[in-house]
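In each ligand, atom 1 is the first atom listed, and ligand 1 is the first ligand listed.
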Amino acid sequence: MNKSSTSSIQARGLQNPTPEETAALYRRMLLIRRSEEAIVRLYPENDMKTPMHMSMGQEAIPSAVCEALGNRGEVIASYRSHATYLAQTLDVNRFFGELYGRVTGTADGKSGSMHLADIERGHLVSSGVVGAGISVAVGAAFANGVLKNNKIVAVFFGDGALEEGVFWESLNVASLKRVRVLFVCEDNGYAVHSGKPVRHAFQSLDSIVKGFASGYFSDTSNDVESIYATTKEAIKHLDSEHRPAFLHYRCYRYLEHVGIGSDLDYGYRSREEWEGWMQRDSLRIQRERLIDLGLEKLVGSIESDVDSAVASAIDAAQRAELPAPDRLFRGVFHEGA
Ligand SMILES: Cc1ncc(C[n+]2csc(CCOP(=O)(O)OP(=O)(O)O)c2C)c(N)n1
Ligand SMILES: [Mg+2]
């Protein structure tokens, strides 16, 4: 797996990541995985009073995109935003503060897991409305062009958002006005319990998106290094062509649509399909890659850093205060300058 994905990067003329990049990609993915493993363990205590749209299995895409964008990145996400939030901000403290509904959270503990945002760290907004962030991203990217601040907005959405008019309107206007924005489709094959064949009349997006004069980049591997290399190519395209780019990345959701359980007995997807994706788990592959590079010690220190960051964030969140009643309406509406 390791060798074949390396050679697929080479076959596409893309550069292999350095060992430092390999480790940084693993660190981002591990922070997401360990945080969600903790959610699976602790959610049944009923102290995190928010719905959970879990990202397990989908860590590679936001980790690769945020690493590739570095400090140029600004992210907009859907309700499935644990992974994008942690990949972009690396801030597990405010993350757990919000899930526990505490004042230390991203929104004073008032928004829950579907509206994670931290503008200062470049996670602009998340929304529970499918596709809602896409047009906002085009506006934010347009503003960056006017301000000439060199920032790049990446908007993450699922394959279900391709059925929303707002996606096509946003692609149209971004292509027409040559807005530098990355449309990142996290294609996990399902919208709730419906597969793509019963939802999409089109077979392939490639020619449709290219028809808009937008860049089109696709990666079906769910391999973080491959996605990282592809995203860097897309960023080059954005910078040289001054056009949007559509990144079509395949992934797989390990858990149920909403909640922390398995849904393999619901009958809409097969255990064989699920096992096939589990066998090429992006975290395991990345860990093996670091071991192959002789970096066992580094793996150990990344793992103990991440474990203690997650444990101390949970401990702090559990001990933090709930928002006082007089904060209820603060920050809900724009309060002027
Ligand atoms: C505009 C709108 N329509 C319907 C819904 C209900 N809904 C919530 S999640 C979802 C499926 C979205 O699937 P996808 O975009 O593929 O994202 P995934 O959950 O797979 O990450 C739907 C239809 C919604 N939240 N917003
Ligand atoms: Mg989906």
Q: Please list, chain by chain and in numerical order, all residues satisfying side-chain contact (heavy atoms from CB on, under 4.5 Å) with Glu164, sequence neighbours excluded.
A: Val130, Val166

Q. Does Asp108 pair with Arg94 as a salt bridge, N-O distance under 4.0 Å?
A. no

Q) Are Ile260 and Trp274 linked, directly or through other ILVMFWY residues, by side chains that come within less than 4.5 angstrom of each other? A) yes

Q) With ring centroids as reference points, do His237 and Phe217 lie under 6.0 angstrom apart? A) yes

Q: Using atom types as modelled and distance alone, determine if a side-chain donor or acceptor of Gln58 lies under 3.5 Å from a backbone N or O of Ser55.
A: no

(Q) Do Glu37 and Met56 make a side-chain contact, defined as non-hydrogen atoms from C-beta onward lying under 4.5 Å apart? (A) yes

Q: Not counting sequence neighbours, which residues clear ring pair (Phe, Tyr, Trp, His ring centres under 6.0 Å) with Phe167? List them please.
A: Phe157, Phe246

Between ligand 1 and the protein, find all N/O pairs closer than 3.5 Å and give the distance for each.
unit_1	atom_1	unit_2	atom_2	d
ligand 1	15 (O)	Gly160	N	3.0
ligand 1	15 (O)	Ala161	N	3.4
ligand 1	16 (O)	Asp159	N	3.3
ligand 1	16 (O)	Asp159	OD1	3.0
ligand 1	16 (O)	Gly160	N	2.8
ligand 1	16 (O)	Tyr190	O	3.1
ligand 1	17 (O)	Tyr79	OH	3.0
ligand 1	19 (O)	Tyr79	OH	2.7
ligand 1	19 (O)	Arg80	NH2	2.9
ligand 1	20 (O)	Asn188	OD1	3.1
ligand 1	20 (O)	Asn188	ND2	2.8
ligand 1	20 (O)	Tyr190	O	2.9
ligand 1	21 (O)	Arg80	NE	2.8
ligand 1	25 (N)	Gly128	O	3.0
ligand 1	26 (N)	Val130	N	3.1

Q | Under-2.8 Å protein N/O/S neighbours of the Mg ion (ligand 2), ordered by chain then residue number | A | Asp159 OD1, Asn188 OD1, Tyr190 O

(Q) If you count heavy atoms of other groups shown closer than 6.0 angstrom to OH of Tyr190, is the number above 12? (A) yes

Q: Evaluate ring pair (Phe, Tyr, Trp, His ring centres under 6.0 Å) for His257 paired with His193, printing each intermediate quantity in order.
A: CA-CA 8 Å; His257 167 68; His193 303 147; 7.0 Å; no

